[in-house]
Amino acid sequence: MSETAPIATNTAPVASSAAKGDAGPDARWPRGPDGEWLVAGRPLSRVVDELGATPCYLYDRARLAERARRLRSAFPPGVLLHYAIKANPMPALVGFMAGHVDGFDVASAGELRIALDAGMDREHVSFAGPGKQEAELQRAQAAGIVVNLESFREIDILARASERNGTPARVAVRVNLPFELKSSGMKMSGGARQFGVDDDQVPALLQRIAAAGLAFEGFHCFAGSQNLRADAIVEAQQRSYALVREWLDQFPAPLRWLNLGGGFGIPYSARDQSLDTGPVIESLHALAARAAVDFGPQARLVVELGRYLVGEAGIYVCRVVDRKRSRGKVFLVTDGGMHQHLAASGNFGQVMRRNYPIAINGGGGEREKATVVGPLCTPLDLLGDDVELDRAAPGDLVVVFQSGAYGRSASPRQFLGHPDVVEALV
Ligand SMILES: Cc1ncc(COP(=O)(O)O)c(C=O)c1O
């Protein structure tokens with residue numbers, strides 16, 4: 001994986017509703033009268049029976065569509081919404097997203113294949129990531145997508161590929177910004193980074209692009225991810241814009257895209273307050289108006305999001321295999337675990353482990369504190385640590401919410417040779 005993103009290592013100020021005992025993100029999924037969680041309007045046990053297997057990831061089409069629709073309808077006309085496939089590359093999900101966003105960002109030739117299979121217009125596919133291999137760059141050039149350049153070496157390879165194919169590669173410059181995205185779960189700019197090129201090298205890179213005859217199209221500024229603070233995102237976007245504006249006289253061609261990154265986070269616990277996108281949208285309206293003047297009517301701003309678009313639309317479901325007591329503690333041992341949901345186990349870059357929202361399907365009776373684990377021979381295999389749940393027995397289903405991003409594809413599924421996890425769009 002090129003650039004992994006951690007889950008919720010930052011904590012925004014506690015929402016007053018959360019402080020008053022908001023049950024957290026899981027409260028947003030409906031429950032039927034018998035306590036069953038409803039997935040796309042159907043009882044979870046029924047959906048799982050249809051699939052014929054646990055563990056599974058379920059992604060709700062209506063939630064996916066609604067999240068993208070809300071953002072796009074609030075964006076000004078000059079701002080495009082891209083989906084970063086790395087958050088969830090399930091081909092059926094990516095195919096579904098193709099109809100709900102303006103473009104895709106891919107991080108490898110493998111993701112490029114998925115993006116094109118999904119039917120996304122290649123005009124709106126971009127490729128970012130350090131260490132792009134020669135064959136990947138050649139494929140990107142042949143496909144006619146935008147390559148976000150992260151080194152001078154990539155220019156040379158693309159120049160050769162362009163000469164061979166008789167069409168100039170489409171390129172943008174990924175900038176290692178001179179600042180960080182404050183309060184981010186993961187910072188990806190500022191200081192020394194493997195991502196992009198340092199801002200002070202950009203003028204030389206622009207000259208090389210022109211000399212190599214590549215088709216310059218814009219800039220990519222990705223400062224960080226999993227951010228719940230609108231003010232930090234607004235600041236990073238505005239500073240990115242101002243920086244790029246300084247190079248205006250040096251653009252080898254009119255600017256077509258200015259990708260301002262993303263970083264929109266989602267809450268993973270009741271302590272997290274959901275991102276208020278209002279100030280970000282307001283700022284985007286102002287930036288889009290300025291961009292039309294500064295860069296011309298052809299210029300588009302791009303917001304590139306992964307987890308915000310898909311994370312809350314997915315759940316991970318596993319089944320209790322055993323129920324044990326150890327020195328006064330209840331353990332629910334399930335058929336799922338960190339090999340399929342590394343992030344929920346707290347081992348995907350988190351600084352501090354916190355439970356994802358987790359619940360038992362059905363129930364509604366006695367409550368108890370239990371620790372939910374998987375079948376692996378490591379204490380790291382933890383899905384819920386000492387969490388209050390409905391009392392569960394073998395056969396019951398366990399639901400981990402907020403699991404639509406960085407789930408199956410971000411987990412070491414070969415570890416210990418258990419069967420793979422099923423995924424379905426519902
Ligand atoms: C270049 C780039 N774009 C998009 C993303 C997606 O981030 P998120 O899923 O937090 O929105 C990442 C995450 O690492 C990234 O590196």
Side-chain angles (χ1 to χ4, degrees), residues 2-6 9-10 79 82 84 105 107 126-132 146-155 171-210 216-253 255-265 279-280 283-284 286-288 290-291 293-295 299-306 349 351:
S2 55
E3 297 154 45
T4 57
T9 52
N10 67 322
V79 177
H82 276 205
D105 179 66
S126 59
F127 179 9
K132 298 181 196 75
V146 175
V147 175
N148 291 321
L149 296 168
E150 317 223 7
S151 75
F152 287 80
R153 162 191 160 271
E154 292 181 354
I155 297 182
V171 297
V173 177
R174 180 169 182 184
V175 185
N176 175 22
L177 303 160
F179 53 86
E180 293 181 337
L181 176 54
K182 291 177 194 153
S183 324
S184 253
M186 184 164 277
K187 298 180 169 60
M188 296 176 64
S189 71
R193 298 281 172 191
Q194 70 267 50
F195 310 119
V197 289
D198 291 358
D199 57 302
D200 60 4
Q201 296 175 28
V202 167
L205 195 86
L206 291 172
Q207 280 179 13
R208 277 280 282 282
I209 291 171
F216 166 84
E217 296 198 2
F219 291 90
H220 182 255
C221 306
F222 194 89
S225 82
Q226 182 47 22
N227 202 305
L228 296 171
R229 297 207 22 199
D231 57 339
I233 295 173
V234 167
E235 183 186 322
Q237 290 184 344
Q238 292 185 348
R239 291 183 71 179
S240 299
Y241 183 98
L243 182 68
V244 166
R245 171 75 182 71
E246 284 176 25
W247 296 314
L248 180 56
D249 295 341
Q250 299 165 67
F251 295 174
L255 182 118
R256 297 190 61 203
W257 328 104
L258 169 48
N259 185 324
L260 293 171
F264 293 22
V280 185
S283 165
L284 283 171
L287 288 178
R290 278 175 60 192
V293 176
D294 288 341
F295 306 128
R300 296 282 174 274
L301 302 180
V302 177
V303 174
E304 179 178 308
L305 302 177
V351 176

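Quick caveat: nothing in here was measured; it's all calculated off a predicted structure.
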Counterpart residues, side-chain hydrogen bond (donor to acceptor under 3.5 Å, both in side chains), relative to [X] (two or more places apart):
X: Ser240; answer: none
X: Arg153; answer: none
X: Arg300; answer: none
X: His82; answer: none

Trace of the side-chain contact (heavy atoms from CB on, under 4.5 Å) decision for Leu287 with Leu260: CA-CA 10 Å; Leu287 288 178; Leu260 293 171; 3.9 Å; yes
Work out which heavy atom in [X] is nearest to a heavy atom in [Y]; give both atom names and the distance.
X: Val197; Y: Glu150; answer: CG1-O, 3.6 Å
X: Gly262; Y: Leu305; answer: CA-CD2, 3.6 Å
X: Pro279; Y: Val234; answer: O-CG2, 3.6 Å
X: Leu177; Y: Ala223; answer: CD1-CB, 3.9 Å
X: Gly218; Y: Leu255; answer: CA-CD1, 4.0 Å
X: Gln226; Y: Gly265; answer: OE1-CA, 3.1 Å

Can you sort out the partners of Glu235 under side-chain contact (heavy atoms from CB on, under 4.5 Å), two or more places apart, ordered by chain and number?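 Result, side-chain contact (heavy atoms from CB on, under 4.5 Å) vs Glu235: Lys182, Arg239.
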Non-neighbouring partners of Asp294 that pass side-chain contact (heavy atoms from CB on, under 4.5 Å), sequence neighbours left out: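 Partners of Asp294 by the side-chain contact (heavy atoms from CB on, under 4.5 Å) criterion, ordered by chain and then number, come out as Tyr241, Arg245, Arg290.
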[atom2] on [Y] to [atom1] on [X], rounded to 0.5 Å:
X: Glu217; Y: Ile209; atom1: CD; atom2: CD1; result: 11.0 Å
X: Gln194; Y: Ser151; atom1: CD; atom2: OG; result: 12.5 Å
X: His220; Y: Leu149; atom1: NE2; atom2: CG; result: 11.5 Å
X: Asn148; Y: Phe222; atom1: CG; atom2: CZ; result: 11.5 Å
X: Leu284; Y: Gln238; atom1: CG; atom2: CD; result: 9.0 Å

Salt bridge (Lys or Arg N to Asp or Glu O under 4.0 Å) with Glu246: which residues, sequence neighbours excluded?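 Applying salt bridge (Lys or Arg N to Asp or Glu O under 4.0 Å) to Glu246 gives none.
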Please list, chain by chain and in numerical order, all residues satisfying salt bridge (Lys or Arg N to Asp or Glu O under 4.0 Å) with Glu304, sequence neighbours excluded.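 Checked Glu304 against salt bridge (Lys or Arg N to Asp or Glu O under 4.0 Å); zero matches.
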Leu243 and Val202: side-chain contact (heavy atoms from CB on, under 4.5 Å), yes or no, with the steps? CA-CA 11 Å; Leu243 182 68; Val202 167; over 6 Å; no
Please lay out, stage by stage, how Ile233 and Gln237 fare under the test side-chain contact (heavy atoms from CB on, under 4.5 Å). CA-CA 6 Å; Ile233 295 173; Gln237 290 184 344; 3.9 Å; yes
Pairs where residues 193-205 contributes a residue and the test salt bridge (Lys or Arg N to Asp or Glu O under 4.0 Å) is met, not counting sequence neighbours: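 Output for this query lists Glu180-Arg193.
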Partners of Phe219 by ring pair (Phe, Tyr, Trp, His ring centres under 6.0 Å), sequence neighbours excluded?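 Phe216, Trp247, Phe251.
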